[in-house]
Every structure is written in structure tokens, then in C-alpha cells.
Amino acid sequence: MIPYACPDINQDDISAVIEVLRTDWLTQGPVVPRFERAVVDYCQAGFGVAVSSATAALHLACLALQVGPGSRVWTSPNTFVASANCARYCGAEVDFVDIDAETGNLSVLSLSTKLVIASQNGTLPQVLVVVHFAGQACEMAEIARLAQQYGFKVIEDASHALGACYQGEPVGNCRFSDITVFSFHAVKLVACGEGGMACCKDPALAERMRLLRSHGVTREHGADEAWDGPWYYQQQLLGFNYRMTEMQAALGLSQLARLPQFLQQRRQLVAQYTALLGSGAVLPLQTPEAEASAWHLYVVRCRDAEERRYYFEQLRVNDIAANVHYIPVYWQPYYCTLGFERGYCLQAELYYATALTLPLHTRLGTVDVEQIVSVLNSGEFA
Ligand SMILES: *Cc1c(COP(=O)(O)O)cnc(C)c1O
């Protein structure tokens with residue numbers, strides 16, 4: 001079976017993890033801060049807070065931006081449920097902004113329309129979580145302008161976009177946002193098994209996320225009178241255990257060194273797909289500002305839901321595991337209990353009905369791509 005995504009672990013990756021296992025530090029040692037620095041250097045962020053998953057990072061990002069009961073958080077429906085759940089963890093209300101039919105990213109037009117109405121109704125969001133779908137950055141300059149105008153904060157869910165660029169700068173530098181979140185889940189561009197990171201340029205935000213990552217407990221006392229010895233620690237907030245282990249960080253460091261190679265391989269495979277699929281298929285649109293996608297996913301569009309099912313099943317029969325990204329988040333039974341109904345974001349629903357994610361990962365060979373395309377071309381795709 002050719003999987004749609006697959007980790008790429010080499011001997012260096014394995015050795016890096018084994019090296020950590022031979023030390024006395026399996027957690028809270030020196031490797032996690034090294035990994036944080038490496039990601040910060042890579043994407044020119046100010047600060048990086050490594051955590052156990054992107055889901056944890058999104059939760060901490062919301063908390064650091066003071067999301068709580070009574071807050072409103074808006075996000076894209078074309079994403080994994082975690083982009084919305086983070087707001088629910090904080091007791092906030094979630095709402096969805098429809099997507100651009102061609103990129104699958106949150107539509108700036110839908111956003112500005114929705115903001116005008118919300119501003120009239122007094123229901124403006126406190127935070128917007130944008131999702132760089134498939135690895136292509138959203139229109140961040142326009143989003144930042146609206147954030148300024150309407151006074152909301154921006155979190156970038158860059159789970160698909162480590163290594164992507166926007167306007168020639170790396171995603172993660174937070175030029176147009178408050179916090180950027182990466183995922184190091186096994187299927188993502190850099191794999192730690194599980195893992196995530198929140199990057200930001202404000203040291204106070206980073207400090208708050210660090211504190212919340214580890215039970216809200218600190219050993220730093222400043223001028224605190226309660227400090228009564230070197231053993232003393234203090235819980236200042238209700239935090240969590242969202243720490244990343246040293247093994248995960250070691251794997252992440254080793255993988256990050258291979259990211260430029262991964263990105264290049266992905267671009268080559270994409271070019272091959274694009275050439276072989278020809279003009280019959282609706283290929284993923286690349287906007288000029290987001291010229292440098294990280295290509296986490298390669299999504300083609302079918303004419304309708306029936307055709308999508310047909311090709312999905314044809315691929316399965318040929319031992320090829322395609323996938324579908326994404327079921328609109330608000331279609332999930334949990335979100336239906338909050339009052340969301342079908343038809344709420346029409347473009348996201350149309351996207352879901354016709355999208356087909358073809359396998360794309362660095363262990364895919366050119367022969368595999370040829371085989372996948374030949375299955376598609378044996379139907380009426382081309
Ligand atoms: C994978 C993913 C997440 C969750 O990442 P984890 O590290 O598994 O918690 C969140 N948002 C998007 C868009 C994702 O693809």
C-alpha cells in the first residue's frame with residue numbers, strides 16, 4: 001500500500017534518539033531548548049516553546065492571548081478539528097469563516113464581510129486562527145491589516161507549513177501574526193512522532209506559554225518573600241504538562257536538518273504530478289505571494305463527489321491510499337451540538353465534496369507517481 005503520508009526516518013535520526021536514551025535526561029534536559037533554538041533560527045522567529053503536540057501549542061497560544069469564557073475565536077472550516085478545539089478548551093465560542101474555493105485557505109473576502117457584520121452586532125472575534133492549508137500561506141498581509149482595523153489577535157496554525165515562505169520570508173517569523181504553531185506529528189513535514197511548537201516575537205507571550213506548558217510552576221523567585229530555599233518552586237497559574245521529551249526533540253533536530261532536502265523532494269514530486277496529470281485535472285492553485293508552499297499535501301479537485309469517490313476507490317483497489325482533507329469542522333457531531341448546520345460555509349462544503357489528496361511524501365518514488373497518475377488517467381480524469 002502506498003500511504004498518503006509517511007515519516008522519513010534515516011540512520012542519523014535513529015542515532016540521535018539513541019544518543020539521548022544513553023544520557024540521564026529523558027525530559028527537561030538540554031535537547032528541547034536546542035530544538036527550540038533550531039526552529040527559531042530556521043524560521044526567524046523570536047521565541048519557540050516546544051510542546052507535546054500542535055494541539056497543545058494551539059491551546060497555550062489561545063490561553064496566552066487571554067482567550068476565555070465569553071471570547072470569540074474564528075477559524076477556517078477546512079482544517080483538522082484541533083484548530084477550533086483549542087478555543088473550546090478555553091471556554092470560548094468558535095465561529096467559522098468560509099474559504100477561498102481555489103486555495104482552500106480562509107477567504108479574506110469572507111473574513112472582511114463577516115467582520116463588518118460582527119462589528120455592527122458587537123460580536124467581533126478576539127482571536128482568528130488561520131490555517132496554511134496544504135502548506136501554502138494564507139494572505140497574511142491582508143489578514144494583519146484587518147486584525148489591526150478590528151482589534152483581534154492572529155494565531156497561524158502552520159501545522160502544514162514548516163518550511164513555507166510568504167512574501168519571501170519564512171512562515172513562523174510572525175511578521176503578520178501574534179503566534180505561529182507547528183506540528184511535528186508523524187505525518188507532518190518534520191516528525192517527532194508527536195510534538196508541536198509555538199513561535200512568537202513577544203517575550204511575555206513566550207514566558208506565559210512556557211509557564212503554562214509545565215503546570216504553571218516556576219523555580220524563579222525574583223524578590224518573592226515566599227521563597228524559602230533552593231528547593232522552592234511556585235505554582236502561579238493553572239498550567240498543564242504539555243512538555244516535549246528529549247527523545248522527541250532529538251528526532252526533531254535531526255529531521256529539521258533534513259528539511260531543505262525534504263522540501264526539494266516534495267517540489268520535484270509535485271512538478272512530476274502536475275506534468276503527468278495534465279490539463280484535465282484541477283490542480284492546487286499557487287498564489288503568487290505564497291510562491292513557496294511547503295507542500296504538506298497535494299490536493300486535486302474532482303468534478304463532483306461521485307467522481308471523487310470513484311477515484312478514491314480506484315486508487316484503493318490499486319493499493320494506493322489517497323485521503324480527503326477536510327470534512328468541514330462544523331459538520332462534526334460535536335460542533336452540531338453547538339448549533340452549526342450544513343450549508344454554513346458553502347465553499348468549504350464544495351471543497352470537501354470534490355477534494356482528493358494524492359500521496360505525497362519523501363519516500364515516494366517517481367515510479368509511484370507514474371502509477372498513481374496512470375490509475376487516475378485510466379478513468380475519465382484526463
Ligand atoms: C496535524 C494538525 C494539527 C494537530 O497537530 P498535532 O501535533 O497532531 O496536535 C492541527 N492543525 C492542523 C491543520 C493539522 O494538520
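Atoms within a ligand are numbered from 1 in the order they appear, just like the ligands themselves. The structure displayed is predicted, hence computed values, not measured ones.
- A cation-pi geometry, defined here as NZ or CZ lying under 6.0 Å from the six-membered ring centre and within 45° of its normal, holds between Arg342 and Trp331.
- Scanning for side chain to side chain donor-acceptor pair (under 3.5 Å) contacts around Tyr335 gives Asn85, with sequence neighbours left out.
- Under a 4.0 angstrom heavy-atom cut-off, Gly195 registers as being in contact with ligand 1.
- When non-hydrogen atoms are compared, ligand 1 lies under 4.0 Å from the backbone of Ala54 as well as from its side chain.
- Within ligand 1, the atoms closer than 4.0 Å to a non-hydrogen atom of Tyr326 are 15 (O), numbered from 1 in the order shown.
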**OP:** Step by step, work out the side-chain hydrogen bond (donor to acceptor under 3.5 Å, both in side chains) result for Glu156 and Thr180.
**Re:** CA-CA 5 Å; Glu156 296 176 68; Thr180 301; 3.0 Å; yes

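- Protein heavy atom at the shortest distance from atom 11 (N) of ligand 1 is Asp157 OD2, 2.7 Å.
- Two rings, from Phe176 and Tyr166, have their centers less than 6.0 Å apart.
- In the hydrophobic cluster analysis, where Ile, Leu, Val, Met, Phe, Trp and Tyr join through side-chain heavy atoms closer than 4.5 angstrom, Tyr310 is grouped together with Ile372.
- Within the structure, side chain to side chain donor-acceptor pair (under 3.5 Å) contacts touching residues 14-26 (residues at least two apart or in different chains) are Gln11-Ser15.
- Nearest protein neighbour of atom 3 (C) of ligand 1, counting heavy atoms only, is Ser159 OG, 3.6 Å.
- Counting the atoms of ligand 1 from 1 in the order shown, those under 4.0 Å from a heavy atom of Ser83 are 11 (N).
- Looking at Thr79 next to ligand 1, no N or O pair under 3.5 Å apart turns up.
- Remark: minimum distance from atom 14 (C) of ligand 1 to any protein heavy atom is reached at Lys188 NZ, 3.1 Å.
- Closest to atom 15 (O) of ligand 1, if we only count protein heavy atoms, is His160 NE2, 2.8 Å.
- The parts of Thr55 lying near ligand 1 are both backbone and side chain, judged by heavy-atom distances below 4.0 Å.
- In this structure, the side chains of Leu115 and Leu124 come closer than 4.5 Å at one or more pairs of heavy atoms.
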